[in-house]
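Beneath this line is the structure, given in structure tokens, with notes to follow.
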Protein chains: 2
Amino acid sequence: MKKIFLKDIAEALDLSKTAVSLVLNGRGDENKISKETQKRILDFAEQNSYRPNQMARGLSLGKSETIGLIIPNISDIFYARIAHHVELRAKELGYNVVFSSSNENSETEKELIYSMLNRQVDGLIIASTQKNQKDILKLTEAGFPFVLIDRHYPDIETNYVIVDNFGGTHNMTRHLLKNGRRKIGFISIKSQLEAMVQRRLGYERAISDEGFELLKYHTKTIDRFNYQYEMKAAIQSMVQSEQRVDAIVFTTHYLAASGLRELKLLDIKVPQEVAIISFDELGAFDLVDPPITSNKQPVDAMGNHAVEILVNEIEKKNSMVDNKRVLRTQLLIRKSCGA
Amino acid sequence: MKKIFLKDIAEALDLSKTAVSLVLNGRGDENKISKETQKRILDFAEQNSYRPNQMARGLSLGKSETIGLIIPNISDIFYARIAHHVELRAKELGYNVVFSSSNENSETEKELIYSMLNRQVDGLIIASTQKNQKDILKLTEAGFPFVLIDRHYPDIETNYVIVDNFGGTHNMTRHLLKNGRRKIGFISIKSQLEAMVQRRLGYERAISDEGFELLKYHTKTIDRFNYQYEMKAAIQSMVQSEQRVDAIVFTTHYLAASGLRELKLLDIKVPQEVAIISFDELGAFDLVDPPITSNKQPVDAMGNHAVEILVNEIEKKNSMVDNKRVLRTQLLIRKSCGA
DNA sequence: ATGAAAGCGCTAACAG
DNA sequence: CTGTTAGCGCTTTCAT
């Protein structure tokens, strides 16, 4: 496995580096290099398993055929799945993926963005902390190709692929109402994320749309890094007050899992006493006791669209591509709502 | 956000590129560059947010400060977690991570290995399909730094970080025996993976160690890409034969989830009629009905050790580092075994 | 203490 | 049709 360079093959075949480079990049015909010469080059490269140094190539070309993916946390199954689909689609379109996790830290995210730029990625897909307005704006101004995924900045004009968060919780809440629940609680994470704001609005609207009353203390937000602990208090206050809830909407999968854990500890019957419903789901939500009704996000489509929009922009192919997508979620009805 | 280069800062400060480069790489003192000059350079770089082009740097240095991670599938929560810990530790040690999924395809894996080499990664962490003996050998011969994770090639001398698969299932099976189960089935994936072989041996040994009889038809292997379908048949034959099992050992999390699904469809009571136990677990296994006893793998330690061994080798620091780790798994006892 | 110059491996005008 | 040559941006030896 001795390393072989472009120069080596040029010398071995007594040709110029140019000829070799051209042929290897599929521009032999276009440059009228004889079929025969082309074949010699291709064969030699093949036999000696020539592999161009991508750093040199990238430096020269000014691009890397690599897409950077920045997400909050790769060990969150939701983002892992997105990463999976981003990777698949990117590969199909000839791009590699470099990923990094921001851990919900905007400083880290910022560092990551610049670090990826230094690494000369051709474009970025970002599930942002939504606290880097300034840097996102810089990217836009610099005309650098990127698309926001899962979370977007409503005040900045960018490409994005998100889901209909409002519609999602609206639907979830209506499902609960349809099943006769009237005291519906809501547990979310403490966050300015637009997605979370929308989820809350969807919940509130569904209740007021149906003419029911919204009880303020039935809404709790808890810290995402300390949710197990805070969940205990949230659940207790919800089920122990005189205005005891008969259902709870959770805005994300790990909250739902944690909430159910607490309900079980308190020996509250789900769904008989309290129904629960979750935005997005974990792997085994259909096996959980009881199976949790959840609002599934189309991770595959999210990943695919993000890559397609990005690559289209990188390659400046078609300006008519729809660069803002709001995807529908899908309600998976299971027993945790009693229905 | 206009791009600024090394040359620009040298010119602006009326210095040579050398001086600037040296200082920026923290070798100012060592090259006796006046404190004052150093400060000027550093300040200027800071203010103009200078960012070295990593491709140029990499090309010149012959390294990229990047680690390549090749795994079967990033959307498998087990590998996603490993990726997460690899990323964290790598970052601490000053490396970036590039990842790609092989989808259990050895051809893809091979392509990935070479593609990463072309991209000049400094080292590789591979959860191999275990069908690329040849290419792994080439890496060894070439002296390229890499470490196998989760799956190793028993016949090749390499660095690796794996778990004690034999011990794991041995333990799991003993747990079942201790709880009075005698007809213990075993469901695994069809695979030559050493890990799977060991898991099977651990199971068999536990049974024979205790002097019980091993019933061949209680062992099933099913296709990993078609497991939901094949699981149905496997479970049915296990519970419907006259030699009905009273427990099942699953060699991986998604098999356990799928198996439980089938048991429920058949209305088999778990654990009363059949106990189940799983090697590794999914996010909500503690909430599942019944909570599934599982043998947890130390993903954090696996990721950390892999990175440490790799970086140690890349930087040729300490040849005394233990480069073969077999980590212990941990049995999380829950209700699915009746105990 | 600082700078000139060569070179990392590849691409691409441009000239023959 | 092919080769010469000049970079891409950064590091680093070797003089000064």
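To find a chain, count down the sequence lines: A is the first, B the second, and so on, and within it residues start at 1.
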Check whether any side-chain N or O of A:Tyr50 sits under 4.0 Å from OP1 or OP2 of C:dG9, and answer yes or no.
-> no
B:Ala19 backbone acceptor or donor facing B:Ser21 side chain under 3.5 Å = no
Between A:Tyr160 and A:His152, what is the ring plane arrangement, given parallel below 30°, perpendicular above 60°, and tilted in between?
-> tilted
Distance only, no hydrogens: is a donor on one side chain within 3.5 Å (strictly under) of an acceptor on the other, for B:Gln120 and B:Ser64?
-> no
When the rotation axes relating C1' atoms of four end pairs to the next four are compared across the helix from C:dA1-D:dT16 to C:dG16-D:dC1, five pairs an end, they differ to 10° by 40°
Under 3.5 Å side-chain donor-acceptor pair for A:Thr129 and A:Glu104 = no
Report the residue (B:Thr37 or B:Ala56) whose heavy-atom-nearest nucleotide on DNA chain C is the more 5′ of the two.
-> B:Thr37
Do you see a donor-acceptor pair shorter than 3.5 Å between the side chains of A:Ser75 and A:Asn73?
-> yes
Kindly indicate whether the side chain of B:Ser34 and the base of C:dA1 share any N or O donor-acceptor pair separated by less than 3.5 Å?
-> no
Within the structure, does a side-chain N or O atom of A:Arg27 lie under 4.0 Å from either OP1 or OP2 of C:dT11?
-> no
B:Arg57 side chain N/O closer than 4.0 Å to the phosphate oxygens (OP1, OP2) of D:dT11?
-> yes
Considering just the side-chain nitrogens and oxygens of A:Asn25, establish if one lies under 4.0 Å of OP1 or OP2 belonging to C:dT11.
-> yes
Ion pair check, A:Lys63 and A:Glu315, cut-off under 4.0 Å | no
Side chain of B:Ser16, base of C:dT2: donor and acceptor closer than 3.5 Å?
-> no
Could one point to a donor on the side chain of A:Ser60 or the base of C:dG9 with an acceptor on the other under 3.5 Å away?
-> no
